**Q** 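Sharing a structure, written as structure tokens. Questions coming.
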Amino acid sequence: MVSTVNNAASGSKVEKHAFSDRVTIRTILNRPDGGAGLAGQRVRVGGWVKTGREQGKGSFAFLEVNDGSCPANLQVIVDASVADLGQLVPTGTCVSVEGLLKNPPEGTKQKIELRVEKVIDVGTVDPAKYPIPKTKLTLEFLRDRIHFRPRTNTISAVARIRNALAYATHTFFQENGFLYIHTPIITTSDCEGAGEMFQVTTLISEAEKIEKELIKNPPPTEADVEAAKLVVKEKGEAVAKLKSEKASKEAISSSVAELTKAKENLAKVEERSKLKPGIPQKDGKIDYLQDFFARQAFLTVSGQLQVETYACAVSNVYTFGPTFRAENSHTSRHLAEFWMVEPEIAFADLKDDMNCAEAYVKFLCQWLLDKCLDDMEFMAKNYDKSCIDRLRMVASTAFERISYTEAVDLLLEAVKEGKKFENNVEWGIDLASEHERYLTEVKFQKPVIVYNYPKGIKAFYMRVNDDLKTVAAMDVLVPKVGELIGGSQREERYDVIKSRIEEMGLPLEPYEWYLDLRRFGTVKHCGFGLGFERMILFATGIDNIRDVIPFPRYPGRADL
């Protein structure tokens, strides 16, 4: 909901923010006329000064103000009679101002500017100490000042693109009849079977707490326990004696109360005597029964297994949330915390899965072209000249579909013709990023879906094909990043999936609930996972995944 202010002269309306007495800069500058039709309107705007300079021997100042609603800045002119210009011009200063929108002199690039009549608020900055100067900064430099990163043009543009892709994701699945399911972040299942999981435990903090307590108050000795037992015995004998002597009710009740108190004290003494420093163990192993969940628990690597429980009950579902990998990798493609989009489709096979994945990626690309073109133009200008053309190509081109075997044959053919890969090419390998990018960037020059991968390199839950050598898996490969989506038809046959879990050396017990989905009312179903940050890398052309997530977590870094 927005409120509007009429301009009697032009008939134009300027939108106020629904929950603030200000107009966003986007609503002024993103009009087809660049805001020119709003001249004569009185507005209040707020934002941060990108650049500021005093002119006319200090009689007025030009401010380039941005409020994060779009990449463009609004030119603001403030006279010295209105405010202290020295406070307003430093980069990073926050201003809230009110004034008249006016058409600038002919020949200037601005279509509209704001003449300030009143300065409402100023959040001042000490230019000598402000860590984000207006000079060009590297993305590596900004990672060390993460709480100020969003004030830069690049990171704010990435934030808007990320927001648009999230909105587009929910729009696509909601419009296609999928139910949004929140899957757990804390899990006891390893979806990938790789074991690179962050453990969730309170055992360490509890052990530290006990250790401090024992130093402060040493545990009772055996003699202390025996002394407490002796008191209980004495109090018990006293009660028995009073009863045998048929003493008064008051005397017996008083003696019983003393016995009860002695027993409670003994229980506390015995409990404290068992306290030992360190993590609790049983039979030489960590005793997870003493942990918070009474079993081992981890941060999830995927919501897929859990969301399947809903696909096997309400049909089409998706989950979109954070996932975690404790992989000690420092590459430009890895994070310890990242987001995944994981739909699951019931009564569907691998072909349906590929159709959904292709439609979804195309939808995302078209959404950015329709809703975020100004930010994409910023990316094209500053990071990747081809990013907009790449979005247009993907949005409008049918994806190539080839089997894994055909993909390996094409790669071997390229090797014969002189192409050199760092990773060896043979049937049975997991395709490396260089292989994937060759297929999509060189061989086909468009997105490629590779399907029917070797059984030995894929997860236990993927449906085994009739050849018994491959599984009904598929990867969507795109230029710039290689694999964007990984998916499969799930194994719905109880006997087959049980033997697959055993083949891979995984314990059956944690997957009993998953096997139940096959025991009772099994259904053919499929799904995939899209790495959300990889989609942003693909869209923007930015090189490092650490720069497309608001708060990157990677080995050695978890700021804020």
Side-chain angles (χ1 to χ4, degrees), residues 146-147 182-232 260-306 309 319 321-329 334-340 505-514 549-560:
I146 205 157
H147 53 303
H182 295 141
T183 50
I185 287 172
I186 297 172
T187 179
T188 53
S189 304
D190 181 358
C191 177
E192 299 301 321
E196 293 166 336
M197 302 176 79
F198 287 103
Q199 194 162 337
V200 176
T201 180
T202 57
L203 289 179
I204 296 169
S205 58
E206 283 298 316
E208 288 174 345
K209 196 189 297 179
I210 289 167
E211 203 162 327
K212 284 179 185 174
E213 166 64 17
L214 292 177
I215 291 168
K216 193 175 177 183
N217 300 303
T221 62
E222 280 186 36
D224 294 329
V225 175
E226 289 304 317
K229 285 180 179 176
L230 188 59
V231 171
V232 170
T260 303
K261 196 173 179 182
K263 285 180 176 177
E264 287 172 356
N265 181 60
L266 173 60
K268 285 177 185 175
V269 169
E270 285 181 325
E271 191 179 341
R272 288 204 80 247
S273 71
K274 292 174 187 172
L275 290 178
K276 292 177 183 175
I279 292 172
Q281 296 208 340
K282 188 176 181 181
D283 301 327
K285 294 179 181 177
I286 293 173
D287 184 7
Y288 284 107
L289 283 173
Q290 305 304 313
D291 208 348
F292 188 89
F293 295 108
R295 63 191 299 184
Q296 267 189 295
F298 307 91
L299 294 181
T300 185
V301 297
S302 166
Q304 178 211 312
L305 299 189
Q306 287 86 355
T309 65
T319 184
T323 53
F324 307 85
R325 298 274 166 92
E327 187 177 353
N328 193 14
S329 176
H334 287 88
L335 288 168
E337 176 183 309
F338 53 98
W339 285 62
M340 291 283 288
L506 296 170
L508 281 173
E509 190 274 327
Y511 300 101
E512 281 298 330
W513 64 269
Y514 193 67
I549 190 167
F551 304 101
R553 272 80 176 98
Y554 49 95
R557 295 299 290 267
D559 299 331
L560 276 61

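We count residues from 1, following the sequence as given. It should be emphasised that the depicted structure is a prediction, and the values quoted were computed from it without experimental measurement.
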**Q** With rounding to the nearest 0.5 Å, note down the distance linking OG1 in Thr188 to CH2 in Trp513.
**A** 8.0 Å
**Q** State, to 0.1 Å, how close Glu211 and Gly278 come at their nearest heavy-atom pair, and which atoms those are.
**A** OE1-N, 4.3 Å
**Q** Under 3.5 Å, is there a donor-acceptor pair between the side chain of Asp287 and the main chain of Leu289?
**A**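 Here the side-chain-to-backbone pair exists.
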**Q** Would the distance check show the side chain of Arg272 and the main-chain N or O of Asn217 forming a donor-acceptor pair, the cut-off being under 3.5 Å?
**A** yes
**Q** Show, in sequence, the C-alpha distance, side-chain angles and deciding distance for Leu266 and Val231, and conclude whether the side chain to side chain contact (heavy atoms under 4.5 Å, CB included) test is met.
**A** CA-CA 9 Å; Leu266 173 60; Val231 171; over 6 Å; no
**Q** Can you confirm whether Leu506 sits close enough to Tyr511 that some side-chain heavy atom of one is under 4.5 Å from a side-chain heavy atom of the other?
**A**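 Counting from C-beta outward, Leu506 and Tyr511 do come under 4.5 Å.
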**Q** Is there a donor in the side chain of Thr202 and an acceptor in the side chain of Asp291, or the other way round, less than 3.5 Å apart?
**A**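 Looking only at side-chain atoms, Asp291 and Thr202 do form a donor-acceptor pair, the distance falling under 3.5 Å.
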**Q** Between Lys229 and Glu270, does the side chain to side chain contact (heavy atoms under 4.5 Å, CB included) criterion hold? Intermediate values first, please.
**A** CA-CA 10 Å; Lys229 285 180 179 176; Glu270 285 181 325; 3.5 Å; yes
**Q** Sequence neighbours excluded, which residues qualify as ring pair (Phe, Tyr, Trp, His ring centres under 6.0 Å) partners of His334?
**A**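 Listed in chain order: nothing, the list is empty.
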**Q** Might you point out which heavy atoms bring Ala297 and Ile186 nearest each other, and give the distance in Å?
**A**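 Residues Ala297 and Ile186, closest heavy atoms: CB-CG2, 4.0 Å.
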**Q** Measure from the side-chain N and O atoms of Thr323 to the backbone N and O of Trp339, and report whether any donor-acceptor pair falls under 3.5 Å.
**A** no
**Q** To the nearest 0.5 Å, tell me how far Glu512 CD sits from Glu509 CD.
**A**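 If I round to the nearest 0.5 Å, the distance is 7.0 Å.
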**Q** Identify the two heavy atoms, one from Met197 and one from Leu299, that lie closest to each other, and give their separation to 0.1 Å.
**A** CE-O, 3.8 Å
**Q** If you round to the nearest 0.5 Å, how far is OG1 of Thr183 from CD1 of Ile185?
**A**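 Answer rounded to 0.5 Å: 8.0 Å.
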**Q** Can you give me the closest heavy-atom contact between Phe293 and Val200, atom names plus distance?
**A**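 Closest pair (atom of Phe293, atom of Val200, distance): CE1-CG1, 4.2 Å.
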**Q** Would you compute the distance between atom CD1 of Ile210 and atom CD1 of Ile215 and round it to the nearest 0.5 angstrom?
**A**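 It is 12.0 Å, given to the nearest 0.5 Å.
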**Q** For a quick test of reading the model, state the closest non-hydrogen atom pair linking Pro219 to Leu214 and the distance between them.
**A** CD-CD2, 3.8 Å
**Q** Go through it in stages, so that I can follow the logic: the residues are Phe338 and Arg325, the test is side chain to side chain contact (heavy atoms under 4.5 Å, CB included), and I'd like the CA-CA distance, side-chain angles, deciding distance and then a yes or no.
**A** CA-CA 9 Å; Phe338 53 98; Arg325 298 274 166 92; 3.5 Å; yes
**Q** Any chance you could measure Leu203, atom CG, to Gln281, atom CD, to the nearest 0.5 Å?
**A** 10.5 Å
**Q** Asn265 side chain to Ala262 main-chain N or O, any donor-acceptor pair under 3.5 Å?
**A**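 Answer holds: no.
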**Q** Does any donor atom in the side chain of Gln306 or Thr187 lie under 3.5 Å from an acceptor atom in the other side chain?
**A** yes
**Q** Hey, is CD1 on Ile204 packed in by over 12 heavy atoms from elsewhere, all under 6.0 Å?
**A**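 Open: at most 12 neighbouring heavy atoms sit under 6.0 Å from CD1 of Ile204.
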**Q** Passes salt bridge (Lys or Arg N to Asp or Glu O under 4.0 Å), Glu206 versus Lys209? Steps please.
**A** CA-CA 5 Å; Glu206 283 298 316; Lys209 196 189 297 179; 3.2 Å; yes
**Q** Which atom pair, heavy atoms only, marks the closest approach of Pro322 to Thr300?
**A** O-CG2, 3.8 Å
**Q** Say you draw a straight line from OH of Tyr514 to CG of Leu305; how long is it, rounded to the nearest 0.5 Å?
**A**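 Spacing of OH (Tyr514) from CG (Leu305) equals 5.0 Å.
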**Q** Donor-acceptor pair, distance only, cut-off 3.5 Å: does the side chain of Asp559 make one with the backbone of Phe551?
**A**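 Absent.
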**Q** Report yes if some heavy atom in the side chain of Val301 is under 4.5 Å from a heavy atom in the side chain of Glu196; otherwise report no.
**A** no
**Q** Run the side chain to side chain contact (heavy atoms under 4.5 Å, CB included) check on Gln296 and Phe298 step by step: do they pass?
**A** CA-CA 7 Å; Gln296 267 189 295; Phe298 307 91; 3.9 Å; yes
